[in-house]
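All remarks here apply to the structure that follows.
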There are 2 protein chains.
Amino acid sequence: MSGATATPTRDPIPLRIRGCCQPVAPRIPGPDAEECAAVFRALGDTTRLQMIHMLAEATDPVCVCDFTAAFDLGQPTISHHLAKLREAGLIVSTRRGIWTFHQLNPEMSAAAREVVDLLH
Amino acid sequence: MSGATATPTRDPIPLRIRGCCQPVAPRIPGPDAEECAAVFRALGDTTRLQMIHMLAEATDPVCVCDFTAAFDLGQPTISHHLAKLREAGLIVSTRRGIWTFHQLNPEMSAAAREVVDLLH
DNA sequence: TCCTCACATCGATATATGTCGATCGGTCGC
DNA sequence: GCGACCGATCGACATATATCGATGTGAGGA
């Protein structure tokens with residue numbers, strides 16, 4: 001061996017040039033690393049994931065009471081999750097008389113759209 | 001109008017059959033709603049998102065010290081994030097002498113692979 | 001005008017998460 | 001064996017999050 005802190009030989013899995021601790025392109029190009037993470041964070045909850053799935057399957061906007069009926073959660077909690085999805089730019093809400101209807105945001109970012117489309 | 005608790009007329013945005021509160025297909029088919037959410041949760045952090053991006057760009061496994069050099073975080077924090085990605089099944093780690101190298105899990109679930117491929 | 005209904009917001013609480021410093025364990029070179 | 005190095009783990013801490021009950025708000029019906 002050539003040394004612990006220098007260049008180790010890595011026969012089966014060769015590394016880059018001089019082994020360990022090569023500088024690697026660190027950052028996601030573009031300004032949207034945090035924005036992209038926010039979309040994933042919004043989908044990182046089972047309830048919200050199923051909400052998005054319901055909206056992706058539905059052909060028409062979905063009422064809040066549909067969600068409260070579908071999930072065993074209180075109305076404030078449903079409202080909280082919908083607000084999270086709205087903040088992430090994944091859904092839009094429309095007030096119509098007494099009811100509020102929700103649908104996938106048609107102006108969703110392209111990156112978010114790609115992710116949501118995976119849940120078709 | 002026909003009534004608040006009965007069937008509202010919804011001219012521009014027609015809903016399903018009798019308006020609000022129709023039962024909607026609630027669940028993601030398959031057992032993997034929570035597993036899918038776990039993948040999104042793993043990607044819902046800027047540091048981990050960039051780690052996955054680095055691994056997706058790299059042609060060879062990446063050493064821990066590469067990550068500690070790329071991010072302004074302590075070594076225990078880097079180790080913590082790598083453990084999260086490992087628990088989510090997104091990466092695998094290989095011990096080689098002193099160093100531990102990480103790469104995208106070649107046996108990642110198909111759903112996870114689709115998401116990671118979006119970060120190419 | 002008053003009541004009801006649908007939904008949002010507030011306050012509280014328990015849990016999860018990101019980060020750090022300190023320490024431990026394993027793998028070398030000497 | 002000893003010491004150096006890499007990386008994982010532990011304990012602590014601050015913050016974020018998921019959830020609930022209670023309350024506020026706005027729209028409609030009676």
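Throughout, a chain's letter reflects where its sequence line sits, starting with A, and its residues are numbered from 1.
Judged as a side-chain hydrogen bond (donor to acceptor under 3.5 Å, both in side chains), and not counting sequence neighbours, the contacts of B:S93 are B:R86, B:H102. Evaluation of the side-chain contact (heavy atoms from CB on, under 4.5 Å) rule for B:A112 yields B:V39, B:L90, B:M108, B:S109 as partners, not counting sequence neighbours. Scanning for side-chain contact (heavy atoms from CB on, under 4.5 Å) contacts around A:E114 gives B:L118, with sequence neighbours left out. Applying the side-chain contact (heavy atoms from CB on, under 4.5 Å) rule to B:T47 yields the partners B:D45, B:M51, B:F71, B:L73, B:H81; only residues at least two apart in sequence or on another chain are considered. In this structure A:R48 satisfies the salt bridge (Lys or Arg N to Asp or Glu O under 4.0 Å) test with no other residue, sequence neighbours excluded.
The shortest distance between the side-chain N/O atoms of A:R96 and the OP1/OP2 oxygens of D:dG26 is not below 4.0 Å. Phosphate proximity of D:dG7 to B:S79: absent, as no side-chain N or O sits under 4.0 Å from OP1 or OP2. B:R86 has a side-chain polar atom (N or O) that falls below the 4.0 Å cut-off from OP1 or OP2 of D:dA8.
Taking a cutoff of 4.0 Å between a charged side-chain nitrogen and a carboxylate oxygen, A:E107 and A:R113 do not qualify as a salt bridge.
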Quick one: which protein N/O atoms are closer than 3.5 Å to N/O atoms of nucleotides 16-18 of chain D? Pair and distance per line, please.
from: D:dA18; atom 1: OP1; to: A:R48; atom 2: NH1; distance (Å): 3.4
from: D:dA18; atom 1: OP1; to: A:R48; atom 2: NH2; distance (Å): 2.8
from: D:dA18; atom 1: OP2; to: A:R48; atom 2: NH1; distance (Å): 3.2
from: D:dA18; atom 1: OP2; to: A:H80; atom 2: NE2; distance (Å): 3.3

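Taking atom CH2 of B:W99 as the reference point, atom C1' of D:dA4 lies 12 Å away to the nearest angstrom. Protein atom CD of A:E87 is 12 Å distant from nucleotide atom P of C:dA8, rounded to whole Å. Note: CZ (B:F71) to C1' (C:dG18) measures 14 Å, nearest angstrom. Taking atom CD of B:Q75 as the reference point, atom C1' of C:dT23 lies 11 Å away to the nearest angstrom. Taking atom CZ of A:F67 as the reference point, atom P of C:dC7 lies 11 Å away to the nearest angstrom. What separates CD1 of A:I78 from P of C:dA8 is a distance of 11 Å, to the nearest Å. Rounded to whole Å, atom C1' of C:dA16 lies 13 Å from atom CD of B:E34. Rounded to an integer number of Å, the gap from CE of B:M51 to C1' of C:dG18 is 12 Å.
Residue-to-nucleotide proximity on DNA chain D shows that, of A:G74 and A:G97, the 5′-proximal contact is made by A:G74.
Each of C:dT9, D:dA27, D:dT9 was ranked by its minimum atom distance to the side chain of A:I98; first place goes to D:dA27. In this structure, the nucleotide among C:dC28, D:dG7, C:dA8 sitting nearest to the side chain of A:V64 is C:dA8.
Side-chain contact between A:Q103 and A:T94 is present, with at least one heavy-atom pair separated by less than 4.5 Å.
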